[in-house]
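These notes concern the structure reproduced below.
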Amino acid sequence: MLGLNYTSVSEFILIGFSTFPQHLLPVFFLLFLLMYLFTLLGNLLIMATVWSERSLHTPMYLFLCALSISEVLYTFAIIPRMLADLLSTDRSISFRACASQMFFSFMFGFTHSFLLTVMGYDRYVAICHPLRYNVLMSPRGCTCLVAWSWAGGSVMGLLVTSAVFHLPFCGLNEVHHFFCHVPPLMKLACGNNVPGVALGVGLVCSMVLLGCFLLILLSYAFIVAAILRIPSAEGRHKAFSTCASHLTVVVVHYSFASVIYVKLTGLHSQQGNILIAITYTILTPFLSPIIFSLRNKELKNAMKKTFLSKLYLSSI
């Protein structure tokens, strides 16, 4: 399926951070390790809180749990390998392992985007059609939305990975990145159809991301219109507060995700590209649980009730 018969390359070398000063690599390792552990802990804490607190057994928090799972798996597909390479002199990765890493990173990344879109729809229904919320967001309906998000992410991962790894690679195997990403791998491919594949992959990914973003914008256009019709300031504030954390994560996610497909001027060096990639592979997943925990009052109170009370009781 991945075109193993069309290439003589059996492994790739992830150049990654090797072009940075060597004395900085242990600093990067410690910093990224702490951010990764915090990302795991934050998302596991969110999932555990939602699971244990019955008041949070609602569609919004079901979607938040699914989002946390996709985030944990996305970072797991990239960061452990990156951390190992920071301290290792052997940065080789097999052809199949590289294809697998690309598949899972795109799968979980696009699943994350689809779930953010579903969460925007959930907020739209809750605010604009509150009387129909229980019907439109039934348990079966929510399960289908989550399942379709994961299925869509899987299709995108398979599509991108198949398109890239069906190309022949002609001997060069140094990937100028810290994981198997499309642009550096396309530079190693050969053949007349490489520009067409690169353009096709870029267009498909950009259009899907743009489509998700426009659907979220449309949801919030209706939400804002509905909130402005609420007579009391307290009611408007309460309605908007249920959307604040999701909206903040959407802004952060799409601001950094757009960097993948829009080439920024002045950052054409390998080190510049590596620093850009850090924003959407490490920084965005790191910020997401912080935003949801701090900006969502109901979740924050549930965390205090669930875990601080247990810590207090255990200390008595």
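Side chains included, hydrogens not; waters and symmetry mates left out as well; all remaining heavy atoms used. Index from 1, following the sequence.
For the 3.5 Å distance criterion, the side chains of Y124 and H129 qualify, holding a donor opposite an acceptor.
Between F12 and F165, the two ring planes are perpendicular [angle over 60°; tilted spans 30° to 60°]. The aromatic rings of Y280 and F179 stand perpendicular to each other, their planes meeting at an angle above 60°, with 30° marking the opposite boundary. By the 30° and 60° cut-offs, the orientation of the rings of F32 relative to F28 is parallel.
Closest heavy-atom contact between L185 and M102: CD1-CE, 3.3 Å. The shortest non-hydrogen separation linking G152 to F114 is C-CE1, 3.3 Å. The two atoms that bring S68 and M47 nearest to each other are CB-CG, 3.9 Å, heavy atoms only. Considering all non-hydrogen atoms of both residues, E174 and L188 come closest at O-CD2, 3.5 Å. In terms of heavy-atom proximity, F106 sits nearest to G157 at CB-CA, 3.9 Å. For M35 against I282, the heavy-atom pair with the smallest separation is CE-CG2, 3.8 Å.
To the nearest 0.5 Å, the span separating OG on S149 from NE2 on H112 amounts to 11.5 Å. Rounding to the nearest 0.5 angstrom, the gap separating the CG atom in L73 from the OG atom in S105 is 12.0 Å. Here the straight-line distance linking atom CG of L30 with atom CG of L86 works out to 11.0 Å at 0.5 Å rounding. In this structure, CG in L299 is found 5.5 Å from OH in Y61, a value given to the nearest 0.5 Å. Atom CD1 in I93 sits 5.0 Å away from atom SG in C98 (nearest 0.5 Å). To the nearest 0.5 angstrom, H253 atom NE2 is 9.0 Å from L67 atom CG.
In this structure, the side chains of F76 and Y36 come closer than 4.5 Å at one or more pairs of heavy atoms. Between S113 and F213 there is no side-chain heavy-atom pair separated by less than 4.5 Å. Counting only heavy atoms from C-beta outward, the side chains of W150 and M107 approach each other to under 4.5 Å. No side-chain heavy atom of Y121 sits less than 4.5 Å from a side-chain heavy atom of L215. Side-chain contact between V250 and H246: present, with at least one pair of heavy atoms (C-beta onward) separated by less than 4.5 Å. For the pair F110 and V155, the minimum side-chain heavy-atom distance is 4.5 Å or more. Using a 4.5 Å cut-off on side-chain heavy atoms (C-beta onward), C180 and L14 make contact.
With hydrophobic clusters built from ILVMFWY side chains whose heavy atoms lie under 4.5 angstrom apart, V252 shares a cluster with L217. Two different hydrophobic clusters hold V135 and L145 under the rule that ILVMFWY side chains link at heavy-atom gaps under 4.5 Å. Under the 4.5 Å side-chain heavy-atom criterion for grouping Ile, Leu, Val, Met, Phe, Trp and Tyr, V160 is connected to V204 within one hydrophobic cluster. Hydrophobic clustering keeps V224 apart from I230 (ILVMFWY residues linked when any side-chain heavy atoms are closer than 4.5 Å, directly or through intermediates). Hydrophobic clustering keeps L34 apart from V72 (ILVMFWY residues linked when any side-chain heavy atoms are closer than 4.5 Å, directly or through intermediates).
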> Between V125 and Y133, does a side chain to side chain contact (heavy atoms under 4.5 Å, CB included) hold up when you go through it step by step?
Replying inline: CA-CA 6 Å; V125 175; Y133 184 78; 3.6 Å; yes
>> Walk me through whether F63 and M137 qualify under side chain to side chain contact (heavy atoms under 4.5 Å, CB included).
In response: CA-CA 11 Å; F63 298 140; M137 304 305 294; 3.5 Å; yes
> Going through the checks in order, is the side chain to side chain contact (heavy atoms under 4.5 Å, CB included) test met by F108 and I69?
Replying inline: CA-CA 9 Å; F108 299 132; I69 292 171; over 6 Å; no
>> Show, in sequence, the C-alpha distance, side-chain angles and deciding distance for R91 and I15, and conclude whether the side chain to side chain contact (heavy atoms under 4.5 Å, CB included) test is met.
In response: CA-CA 7 Å; R91 298 184 175 91; I15 301 299; over 6 Å; no
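Counting only distance, with no hydrogens or angles, the side chain of H57 and the backbone of V50 share a donor-acceptor pair below 3.5 Å. Distance alone, capped at 3.5 Å, places no donor-acceptor pair between the D122 side chain and the V118 backbone. The backbone N or O of S162 sits less than 3.5 Å from a side-chain atom of H166, completing a donor-acceptor pair. The closest donor-acceptor contact from the side chain of T279 to the backbone of L275 lies at 3.5 Å or more, if one exists at all. Looking at S88, its side chain never comes within 3.5 Å of a backbone N or O of D85 through a donor-acceptor pair. Within the 3.5 Å criterion, the main-chain N or O of L158 finds no donor-acceptor partner in the side chain of T161. Remark: the backbone N or O of P285 is not paired with any side-chain donor or acceptor of S288 at under 3.5 angstrom.
Under the disulfide (SG to SG under 2.5 Å) criterion, no residue pair touches residues 209-257, with sequence neighbours excluded.
Counting non-hydrogen atoms of neighbouring residues, nucleotides and ligands closer than 6.0 angstrom, the CZ atom of F286 exceeds 12 such neighbours.
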